[in-house]
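Everything numeric here is computed off the predicted structure, so don't read it as measured data.
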Amino acid sequence: MVKSRLLLNKDLLSEEKIDELCKNNITSLQKYRLKSIKSCVYNSTDKRKQYVNRHREHLNMHLIRIYHFRNMLIHEAAINQ
């Protein structure tokens, strides 16, 4: 539930807020991800489009992979009871 509120509140995703989050005690991986998101989202429209398209492709790949494993489990369970 908290995540949905974060997504609805646009102030939490501002450049200043991202900088503030990077200064807090967070892990280096979180800092890296925040800075990469900031560079892609706030710099240029081309990078923004590439970022969204790449993200969409990765989501599609993962959904296909999950569906493939689901089918393997279901069909193998039907054969080997």
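In this structure, the side-chain hydrogen bond (donor to acceptor under 3.5 Å, both in side chains) partners of N53, at least two apart in sequence or on a different chain, are R56.
In this structure, K49 NZ and R54 CZ are separated by 15.0 Å, a value rounded to the nearest 0.5 Å. Of the inter-residue distances, the one linking Y67 atom OH with I74 atom CD1 reads 10.0 Å to the nearest 0.5 angstrom. Interatomic distance, CD1 of I66 versus CG of N71, reported as 12.5 Å (0.5 Å rounding).
Between the side chain of Q30 and the backbone N or O of T27 there is at least one donor-acceptor pair closer than 3.5 Å. Checked by atom type and distance alone, the side chain of H55 never pairs as donor or acceptor with a backbone atom of Y51 at under 3.5 Å.
Side chains of H68 and R65: a donor-acceptor N/O pair is absent below 3.5 angstrom, by distance only.
Remark: R48 CZ is packed, more than 12 non-hydrogen atoms of other residues, nucleotides or ligands lying under 6.0 Å away.
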